[in-house]
Amino acid sequence: MSTDWNQQINRYLDDELTTAELPEFQEWLLSDENHRTQFAEVALLHNQLHGHMLARTAIESVEIQYPVVVAKSSSSAWWVSRRLAPFVAIAGTLLLMLLFWRGDTVVIAAQAELEKVIAANQLTEDRTYVLEVESNDLGGARQRRRPSDEQRPPKPPLNGARLFVRGNHQFVLQRVLDNGDTFLTGCDGVSSWSVPHKGAVRVSSDPQEFNRDVPGHEYSMSLCQLDDALKQLNVAYDIFVSPQEPGDTDGDEAEATRLLVATKRKGYRGPQRVEITYQQNSRLIEQIRFIDMPYGEDRLTVRMSLTDLTPLSQDFFQHTAHHAPERKVIRE
Amino acid sequence: MDDRVLMATKQWTLVQPVVSAFVGAIVRDFAARDDVLQEIAVAILESYDHYDASRPFQAWALGIARNHIRIYLRRQKSDRLTFDEKVIASLADTFDGMTEEARALDRLHVCVSKLDTKALELLDMRYSQDLKPAAIAARIKSTPNNIAKALQRIRDVLRDCVRKQTAAEAYE
């Protein structure tokens with residue numbers, strides 16, 4: 001009876017192979033490069049499954065302990081326990097750190113570090129960022145080829161825009177048009193809305209509706225949903241983190257920062273590179289650069305800088321806080 | 001920031017999945033594998049000055065990994081299934097050519113999410129709880145042989161799924 005070598009590979013990795021079987025198994029491996037490739041493929045999967053299942057178990061155990069309820073249709077039903085969420089995030093992070101960061105090591109566990117950065121930023125309630133467009137490769141070739149009457153109207157400019165964020169689902173993006181008028185879009189976690197300088201206010205029950213003209217939306221990296229965008233880095237990007245700086249000795253009050261750089265892997269969509277500068281101790285994100293980011297037919301390099309942590313009013317993320325009560329409201 | 005450390009870290013991050021799988025193929029105990037990997041990472045940072053940048057980093061890292069596996073095996077004589085040095089050297093060369101296969105496993109989460117509950121429970125016991133087939137069999141009243149075959153089938157399904165995902169994305 002011929003030997004089932006795929007079975008032998010699996011038995012070896014599961015520690016089921018006997019010492020009597022080992023010499024023949026080694027001979028088989030040495031006899032042909034294709035055999036070793038077959039072995040390496042299963043070993044790669046085996047190795048990856050270990051990390052994947054550990055992470056999955058860690059996340060599930062946190063979710064079971066602290067269920068997070070999100071409902072889209074009713075403002076009373078939609079709540080994320082904002083008091084619990086930071087603790088859930090930290091518990092999950094610590095769990096992952098325990099699993100992946102074994103003992104004192106100088107190895108930079110980049111993905112675990114990113115999880116810590118995400119968790120730390122969930123601790124901060126309201127954040128205000130200023131957006132700066134560093135470079136803008138306007139209109140793709142297709143857009144330029146179109147007759148002028150078929151070209152899409154320009155999107156409201158991002159440069160100089162202010163982005164107010166609460167949690168992962170509430171935002172207000174304030175852009176200033178070329179004529180000086182202000183154009184607001186936002187989401188209160190249940191519905192999204194737009195408030196132009198003049199004309200009707202539009203409100204949609206789809207929380208994503210007015211997120212669609214924000215860069216990154218189409219590949220789960222919306223600038224307005226930073227937590228989701230950062231989590232996407234762990235999926236589609238290779239990450240590395242600069243080493244921790246030694247303690248401050250010169251009396252400089254500014255906290256040391258670290259740089260996390262994520263480079264997009266082949267086969268995924270999104271900015272080519274994302275650079276995150278964050279405070280070494282608090283892990284508060286000071287700045288994010290999205291480099292070479294697809295935006296419709298354009299490609300942008302956008303810098304988001306944290307400017308304020310002052311708490312905003314409770315209703316700030318509702319459209320009613322940004323227009324007069326008599327304004328016409330169209331519900332979509 | 002030290003450019004040298006930054007570059008070493010970046011390169012290590014890129015090759016780590018392949019090196020980790022290579023080490024795991026020889027050092028099958030997950031905890032021991034992680035310890036060896038840490039030693040390799042430290043050695044890479046410490047000896048980065050000796051790295052010839054004109055040569056592939058992954059092959060260099062796999063060479064360091066081979067040395068540390070050798071040291072580990074010398075210390076740890078209880079492992080009854082240990083490959084000869086010749087096999088380990090051949091496997092290092094093979095793993096050096098597996099970068100694309102390692103990258104393809106980025107789709108693994110999609111394939112795992114398609115598995116049924118029973119398969120997920122088996123994977124959980126094998127990988128999260130680090131139980132061998134005999135221990136799993138004792139827990140769910142089966143035989144080690146049946147569990148080993150079930151694990152093999154799940155891995156076959158996952159490999160097939162990852163291949164299809166990769167092919168579909170390449171087609172798109």
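Chain identifiers are assigned alphabetically (A, B, ...) following the order of the sequence lines, protein sequences preceding nucleic acid strands; residue numbering begins at 1 within each chain. Bear in mind the structure is a predicted one, so any value in this text is a computation, not a measurement.
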Report summary line: One should read off an interatomic distance between A:His35 NE2 and B:Ser90 OG, to the nearest 0.5 angstrom, of 13.0 Å
Report summary line: The interface call for A:Leu30 against chain B, heavy-atom contacts under 4.5 Å, is side chain
Requested in this report: Check A:Ala43 against B:Ala25 and note the closest heavy-atom contact, atom names and distance.
Outcome: CB-CB, 4.0 Å
Query raised in the report: Going by atom types only, do A:His46 and B:Tyr127 share a side-chain donor-acceptor pair under 3.5 Å?
Result: yes
Query raised in the report: Out of B:Val23, B:Ile44, B:Leu120, which one racks up the most heavy-atom pairs below 4.5 Å with chain A?
Result: B:Leu120
Query raised in the report: With a 4.5 Å limit on heavy-atom distance, are the side chains of B:Leu151 and A:Leu13 in contact?
Result: no
**Report entry** Per-residue contact mode, A:Leu29 against chain B (heavy atom under 4.5 angstrom)
**Finding:** side chain
Query raised in the report: CD/A:Gln7 to CG/B:Asn145 distance, rounded to the nearest 0.5 angstrom?
Result: 7.0 Å
Query - Short N-O contact, A:Asp238 and B:Arg103, less than 4.0 angstrom - result: yes
Query raised in the report: Checking heavy atoms, do the side chain of B:Arg153, its backbone, both or neither come under 4.5 Å from chain A?
Result: neither
**Report entry** Spacing of CG belonging to A:Leu45 relative to SG belonging to B:Cys111, to within rounding of 0.5 Å
**Finding:** 9.5 Å
**Report entry** A:Ile239 portion near chain B, given a 4.5 angstrom heavy-atom threshold
**Finding:** backbone
Query - Contacting region of B:Lys86 [heavy-atom separation from chain A under 4.5 Å] - result: both
Query raised in the report: Could B:Arg155 and A:Asp14 be called an ion pair, given the rule that one side-chain N must be under 4.0 Å from one carboxylate O?
Result: yes
Query raised in the report: Contact part of B:Ile147 toward chain A, heavy-atom cut-off under 4.5 Å: side chain, backbone, both or neither?
Result: neither
Report task. Kindly compute the distance separating CD (A:Gln8) from CD (B:Gln152), expressed to the nearest 0.5 Å. Result -> 9.5 Å
Requested in this report: Could you please spell out the steps behind the side chain to side chain contact (heavy atoms under 4.5 Å, CB included) verdict for A:Thr37 and B:Met98?
Outcome: CA-CA 8 Å; A:Thr37 301; B:Met98 302 297 286; 4.1 Å; yes
Requested in this report: Would you indicate whether B:Lys132, at its atom NZ, is surrounded by more than 12 heavy atoms from other residues, nucleotides or ligands within a distance under 6.0 Å?
Outcome: yes
Requested in this report: Assess whether side chain to side chain contact (heavy atoms under 4.5 Å, CB included) is satisfied between B:Leu81 and A:Phe25, documenting all intermediate values.
Outcome: CA-CA 11 Å; B:Leu81 290 177; A:Phe25 185 55; over 6 Å; no
Query - Region of B:Leu105 that comes under 4.5 Å of a non-hydrogen atom in chain A - result: both
**Report entry** Point-to-point distance, once rounded to the nearest 0.5 Å, from NE2 of A:His52 to CG of B:Leu123
**Finding:** 8.5 Å
**Report entry** Sub-4.5 Å side-chain heavy-atom contact between A:Met53 and B:Arg126
**Finding:** no
**Report entry** Rounded distance [0.5 Å steps], CD in A:Gln48 versus OG in B:Ser20
**Finding:** 8.0 Å
Query - Minimal non-hydrogen separation, B:Phe95 against A:Leu44, with atom names - result: CE2-CG, 4.3 Å
Report task. Answer yes or no: is there an ion pair linking A:Glu41 with B:Arg159, defined by an N-O contact shorter than 4.0 Å? Result -> yes
Requested in this report: Under 4.5 Å heavy-atom distance to chain A, tell me which part of B:Asp156 shows up: side chain, backbone, both or neither.
Outcome: side chain
Report summary line: Applying a strict 4.5 Å limit to non-hydrogen atoms, the region of A:Phe39 in contact with chain B is side chain
